[in-house]
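One structure is given below, encoded as structure tokens.
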Amino acid sequence: SVKEDINQPVPVILNLSSWAVDKQPIEKWLVQEMYELFQVSKQQGQKWVQQEELLLCLDGLDEVKPEARKACLRALNSFIKHHALTEMVVCCRMKDYFALGEQLKLRSAICVRPLSIAQIDGYLDNAGDSLAALKALLDARPLLKALAKSPRILNVMSLAYHNCTPEVLPSSASVYAVPEKLWNAYIKRMLNRRKNARQYPTEQTRRWLIWIAKRMIATSQSIFLIDKIQPNWLPNHERKEYWLASSLLFGVLVAIPPCLPIILAGGWQLKEDLLSVVSVAMFFVLLFSSNFAFLTRGNSDIQPVEAIRLPVNEMNKAYYAVRPFSMLGGILWAITYGLLDSTVFGMFSGCEGEGIESRVTPNQGIWRSVQNALIALLSAVSCTMLACGLLGLVVPGSSVVDGLQFGFWLGPFLGAIAAFNTGGTACFRHCVLRCFIAEQYAPWNYARFLNYATERLFLQRVGGGYIFIHRALLERFAQMDLYTR
């Protein structure tokens, strides 16, 4: 209806579990979530919130950490008080909601009723002999049958115990011991499914899913996104190793552009001045490594750059600062700005928008960062070479060839800086992090594995992210030991 009538509120579905991370006011949390999940600019998100143009569907109040759940409810009530015209739906399990002792200040409530005994029996009867043993067990144990009143749990039981003999079914009479056995049986059955030619070892699949579940619980995430994996997901000792390795490797990569052209241009004869070449290279490596180490100290989060914009306002301020000093400054600015406006800005226009564009492919944020970094690299190199060539015509005693030689040295250096500032740093840090978690915590091809787990009915794909099919399955994986069989 929104596509047909732009006056309708914009529906937004979010999970409240991430609110407990920073415990922000709901207004700020909404803007941040829409920015991260749907690439809605923060300016547009704030406009929608302030003008009350959203239809909020907030799931998972019961998935917020218990110690933060009541604070989340109060934050929601504060939002409702100040945004009375914003329509909102909040989902929560009844038991967890009533345990809070407070209520949401909404106009009405709807309770989803569980399945009736007749509906459960009808479902099992229609399945025939394949679920006969399960039906007999549930008939003999009313407490177990009460668990089956949840449609999702009944479906899990059907998959876990399809064509099973009575000996395989849980023998414990305690209803509290059954969920763990049920999920263990489900995991075992799903790991043995053969719908895809691509197979992963059972223990490896189990360990990788456990790691995902533990990290999602620890960071209060409801949707797993590959491009949201962070350095703080590593153990402390591996986190330090990652920081040192990424800093040193960054220094090496950024030091190559300014050193390589000098060597290729014959600035030094390697046999005669090898020590000089090595000294200069080491200076650049240490310079950039220490700078990178300082900027990423504490293993700050990796932030993909999915939209970039040329800072035209800042460039104009620089122009007015340079213009009074000399005519040469104005000429240089005219050349540089003209080239940037025609090439860089032309390439970057359209990279940032005000509309909604949800993630539709796994690791979309990193791939967009790669694209933006390559655009910035090529633009900066080409603009620098052209500007230096034209500069050779302006500066007395120089030529176009002299300018191009200087641009041959300066271009790759500025290109590397531009690339790392427009997505390259996020790509670089993400790639190094993936090397650290590969095989032990995750596969090299993460998207293929996650699709494999989806076919095994462990996960469900949501746009470019993945969620566990049931909160209880997520919690069960998170409780399991990472290395115990």
Side-chain angles (χ1 to χ4, degrees), residues 2 9-40 45 48-49 53-80 83 86-100 102-114 150-153 155-156 212-213 215-225 228 356 358-360 454 457-478:
V2 178
V10 180
V12 180
I13 302 175
L14 299 172
N15 194 291
L16 285 165
S17 61
S18 62
W19 179 88
V21 176
D22 297 320
K23 300 180 181 178
Q24 306 177 87
I26 296 298
E27 292 87 346
K28 293 184 178 180
W29 175 79
L30 288 171
V31 172
Q32 185 66 28
E33 288 293 294
M34 288 190 292
Y35 173 73
E36 292 185 355
L37 296 178
F38 307 114
Q39 287 76 62
V40 176
W48 282 343
V49 171
E53 298 179 355
L54 297 175
L55 172 59
L56 300 176
C57 303
L58 307 180
D59 191 15
L61 179 58
D62 52 296
E63 297 178 18
V64 177
K65 291 182 178 180
E67 60 272 17
R69 204 170 289 162
K70 185 172 289 188
C72 182
L73 183 143
R74 291 172 179 171
L76 288 169
N77 280 336
S78 176
F79 178 84
I80 294 170
H83 300 272
T86 299
E87 300 182 56
M88 179 190 300
V89 176
V90 180
C91 298
C92 183
R93 288 183 292 196
M94 289 180 58
K95 180 182 69 174
D96 298 304
Y97 179 69
F98 289 128
L100 294 175
E102 299 182 23
Q103 293 185 354
L104 288 167
K105 296 178 181 179
L106 296 172
R107 291 190 295 270
S108 60
I110 298 175
C111 176
V112 179
R113 299 180 62 183
S150 165
R152 176 68 78 175
I153 295 297
N155 183 53
V156 168
I212 292 175
R215 295 298 90 208
M216 290 180 67
I217 291 291
T219 56
S220 299
Q221 292 187 19
S222 58
I223 301 177
F224 176 75
L225 296 165
K228 293 298 181 182
I356 293 182
S358 60
R359 297 176 186 270
V360 295
T454 300
L457 301 182
F458 292 121
L459 305 175
Q460 178 181 345
R461 183 167 171 175
V462 180
Y466 298 82
I467 61 174
F468 281 85
I469 63 164
H470 196 281
R471 177 72 183 183
L473 180 61
L474 167 66
E475 294 171 349
R476 177 58 195 144
F477 270 115

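Both backbone and side-chain heavy atoms feed into the values below; hydrogens, waters and symmetry mates do not. For clarity, every value in this text was computed on a predicted model and none was experimentally measured.
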With side chains defined as the heavy atoms from C-beta onward, is the minimum distance between [X] and [Y] less than 4.5 Å?
X	Y	result
E87	L56	no
I26	L76	yes
V156	H470	no
N77	L104	yes
L54	V49	yes
Q32	D22	no
V90	L16	yes
F38	L14	yes

- Does CD belonging to Q24 count more than 12 external heavy atoms closer than 6.0 Å? yes
- With D62 as reference, evaluate K95, R93, R471 under the side chain to side chain donor-acceptor pair (under 3.5 Å) test and give the passing residue.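 So, applying the side chain to side chain donor-acceptor pair (under 3.5 Å) to D62 and each of K95, R93, R471, only R93 qualifies.
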- Task: In sequence, state the C-alpha distance, the side-chain angles, and the governing distance for V12 and L30, and then conclude on side chain to side chain contact (heavy atoms under 4.5 Å, CB included).
- Result: CA-CA 9 Å; V12 180; L30 288 171; 5.8 Å; no
So, taking the atom named [atom1] in [X] and the one named [atom2] in [Y], what distance separates them when rounded to the nearest 0.5 Å?
X	Y	atom1	atom2	answer
D96	R69	CG	CZ	5.0 Å
E67	C72	CD	SG	12.0 Å
C57	I13	SG	CD1	5.0 Å
E33	I223	CD	CD1	8.5 Å
Q221	K228	CD	NZ	8.5 Å
F98	C92	CZ	SG	9.5 Å

- Query: Looking only at atom types and distance, does a side-chain atom of S78 sit under 3.5 Å from a main-chain N or O of R74, one as donor and one as acceptor?
  - Reply: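 No, S78 side chain to R74 backbone: no donor-acceptor pair under 3.5 Å.
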Among side-chain atoms of [X] and [Y], is any donor-acceptor pair under 3.5 angstrom?
X	Y	result
S220	W19	no
Q460	T454	no
E27	H83	yes

- Task: Decide side chain to side chain contact (heavy atoms under 4.5 Å, CB included) for Y466 and I212; before the verdict, give the C-alpha distance in whole Å, the side-chain angles of both, and the deciding distance to 0.1 Å.
- Result: CA-CA 10 Å; Y466 298 82; I212 292 175; over 6 Å; no
- Message: I'd like to know whether C111 forms a side chain to side chain contact (heavy atoms under 4.5 Å, CB included) with M94, so could you lay out the CA-CA distance, the side-chain angles of the two residues, the decisive distance to 0.1 Å, and finally the verdict.
- Response: CA-CA 8 Å; C111 176; M94 289 180 58; 3.0 Å; yes
- May I ask you to decide if the ring planes of F458 and F477 are parallel, tilted or perpendicular, using 30° and 60° as cut-offs?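 The arrangement is perpendicular - the two ring planes meet at more than 60°.
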- Task: Before giving the answer on side chain to side chain contact (heavy atoms under 4.5 Å, CB included), spell out for M88 and L55 the whole-Å C-alpha distance, their side-chain angles and the decisive distance to 0.1 Å.
- Result: CA-CA 6 Å; M88 179 190 300; L55 172 59; over 6 Å; no
- Minimum heavy-atom distance between A20 and V64, given as atom pair plus value: CB-CG1, 4.0 Å
